Protein chains: 2
Amino acid sequence: MSASQAPHDADALDSDGKGAMRMGVLPTLVGRQLRIAYLRTFKDFSMEVEGTSLSPGSFEILELLSCNPGLSHSRLASAIGLEKSSLVPAIVRLEEMALVKRKQSATDKRSNELRITPKGERVLAQLRSYVVQRETEITAGMTRAEVDTLNRLLTRMAGING
Amino acid sequence: MSASQAPHDADALDSDGKGAMRMGVLPTLVGRQLRIAYLRTFKDFSMEVEGTSLSPGSFEILELLSCNPGLSHSRLASAIGLEKSSLVPAIVRLEEMALVKRKQSATDKRSNELRITPKGERVLAQLRSYVVQRETEITAGMTRAEVDTLNRLLTRMAGING
DNA sequence: TATTGTTATACTCTATAACTATA
DNA sequence: TATAGTTATAGAGTATAACAATA
């Protein structure tokens with residue numbers, strides 16, 4: 001049984017524009033469903049902390065620094081999959097908020113060791129609760145097995161571990 | 001069996017930065033796997049046609065216009081989930097490429113009827129083949145049943161049909 | 001020579017607000 | 001008053017290229 005070779009949609013567009021929309025092949029395309037799911041899920045998902053809002057990307061940075069204290073700028077960038085230059089604005093902002101601090105490496109003076117601060121850890125705990133809540137929302141109506149399947153297939157699709 | 005309560009990753013980060021990266025809760029988060037899958041899948045996916053490149057969004061516009069001739073600017077925008085103003089640059093570009101044409105509605109002079117041109121249909125056919133190829137790539141290693149499951153869960157997650 | 005972090009710059013995508021013509 | 005399309009503008013996110021300091 002295919003995802004949908006037959007149209008999902010019912011009626012043609014009326015000339016006055018009030019009919020249902022024909023979607024063509026679009027609903028059959030996994031890539032397109034992925035794109036829409038991503039855009040709808042992350043639209044308007046900013047987490048309010050300390051009077052400003054932090055993005056999913058900042059959450060990821062804080063989580064990685066919490067698990068990997070002393071991580072260098074370069075290694076953090078490659079872990080997240082960004083160019084090193086693209087990470088700078090986010091790091092600068094987190095340092096301004098006193099959630100992260102930079103310290104020149106003793107063994108390689110070119111390199112900075114990035115560490116999350118105690119305040120950063122407190123904020124991270126709060127962000128985790130937002131993230132868990134969002135997880136609950138976006139998987140509403142799915143069984144635990146379905147969530148695991150979805151996670152596994154997305155992981156494979158992105159080649160995250162391969 | 002959970003997606004991963006135990007860490008996916010093996011070793012701590014060495015002080016010299018050569019160890020494996022600890023990922024914390026990140027690999028367990030469906031939202032995060034979705035984000036990464038989307039970003040990796042669509043990064044560098046531009047389709048070369050007529051000497052320029054067209055985005056997945058432009059493919060979607062052409063597909064919808066092919067299925068719904070005479071669609072208005074506003075209805076197209078809401079079908080795609082964008083603000084009407086956000087659609088303008090894409091439409092202008094498609095019209096410059098002679099893939100789409102606009103015609104003032106006879107019944108409501110404020111409104112434009114958008115139609116794909118014969119050239120647009122030819123380009124659309126080419127885009128479809130690119131898209132199908134990309135579908136094959138991103139679902140490589142999945143069974144047909146897995147692809148269908150993934151599509152169904154993504155669709156439910158985005159609330160696309162609900 | 002190569003690498004680390006940084007800056008300058010630009011591009012893509014999208015949003016808000018204001019405008020015009022029309023309803 | 002309200003709506004359709006457009007314009008101007010701005011913001012987020014990311015990339016490339018070039019630079020200084022260091023390896």
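For clarity, every value in this text was computed on a predicted model and none was experimentally measured. Residue numbers begin at 1 in each chain, while the letters A, B, ... track the order of the sequences.
No engagement by A:R93 is indicated, since no non-hydrogen atom pair under 4.0 Å with the nucleic acid exists. Counting non-hydrogen atoms under 4.0 angstrom, B:S55 reaches the backbone sugars and phosphates but no base.
A donor-acceptor pair under 3.5 Å links the side-chain atoms of B:E135 to the main chain of A:V30, judged by distance alone. The main-chain N or O of B:V92 is never found under 3.5 Å from a side-chain atom of B:R102 such that the two would form a donor-acceptor pair.
The residue among A:E83 and B:S74 whose nearest nucleotide of DNA chain D is located toward the 5' end is B:S74. Residues A:G81 and A:D108 both approach DNA chain D. Their nearest nucleotides, taken by heavy-atom distance, put A:G81 toward the 5′ side.
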Assess whether side chain to side chain contact (heavy atoms under 4.5 Å, CB included) is satisfied between B:L154 and A:L150, documenting all intermediate values. CA-CA 8 Å; B:L154 286 173; A:L150 179 56; 4.1 Å; yes

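In the set C:dG5, C:dT7, C:dA15, C:dT7 carries the atom at the smallest distance from any side-chain atom of A:S85. Distances were taken from every side-chain heavy atom of A:S72 (C-beta onward) to each of D:dA23, C:dG5, D:dA2; the shortest belongs to C:dG5. Of all nucleotides listed (C:dG5, C:dT14, D:dT6), D:dT6 comes nearest to the side chain of B:H73. When the nucleotides D:dG5, C:dG5, D:dA15 are ranked by their closest atom to the side chain of A:L82, D:dA15 comes out on top. Here C:dA23 is the nucleotide among C:dA23, D:dA23, D:dT14 with the atom lying nearest to any side-chain atom of B:K109. Taking every side-chain heavy atom of B:V88 into account, D:dT7 is the closest of C:dA2, D:dT7, C:dA23.
Computed from coordinates, the B:L87 CG to C:dT12 P distance equals 17 Å when rounded to whole Å. Atom CD of A:E60 is separated from atom P of D:dG13 by 13 Å (rounded to the nearest Å). The interatomic distance linking A:K43 (NZ) with D:dG11 (C1') rounds to 15 Å, in whole Å. Rounded to whole Å, atom C1' of C:dT6 lies 15 Å from atom CG of A:L76. When rounded to the nearest whole Å, the span between CZ of A:R40 and C1' of C:dT14 equals 16 Å. Following rounding to the nearest Å, A:K84 (NZ) and D:dT16 (P) show an atom-to-atom distance of 11 Å. Summarising the geometry, the separation between CG on B:L54 and P on C:dT12 is reported as 13 Å, rounded to the nearest angstrom. When rounded to the nearest whole Å, the span between CZ of B:R110 and P of D:dT6 equals 14 Å.
Put simply, B:S86 has a side-chain N or O that comes within less than 4.0 Å of OP1 or OP2 on C:dA15. Taking 4.0 angstrom as the limit, B:R35 places none of its side-chain polar atoms (N or O) nearer than this to OP1 or OP2 of D:dG13. Considering only side-chain N and O atoms, B:S111 lies under 4.0 angstrom from the phosphate OP1 or OP2 of D:dG5.
Nearest heavy atoms, A:Y130 versus A:E48: OH-O, 3.1 Å.
There is a side-chain donor-acceptor pair under 3.5 Å between A:T107 and A:S105.
Counting non-hydrogen atoms of neighbouring residues, nucleotides and ligands closer than 6.0 angstrom, the NZ atom of A:K109 reaches no more than 12 such neighbours.
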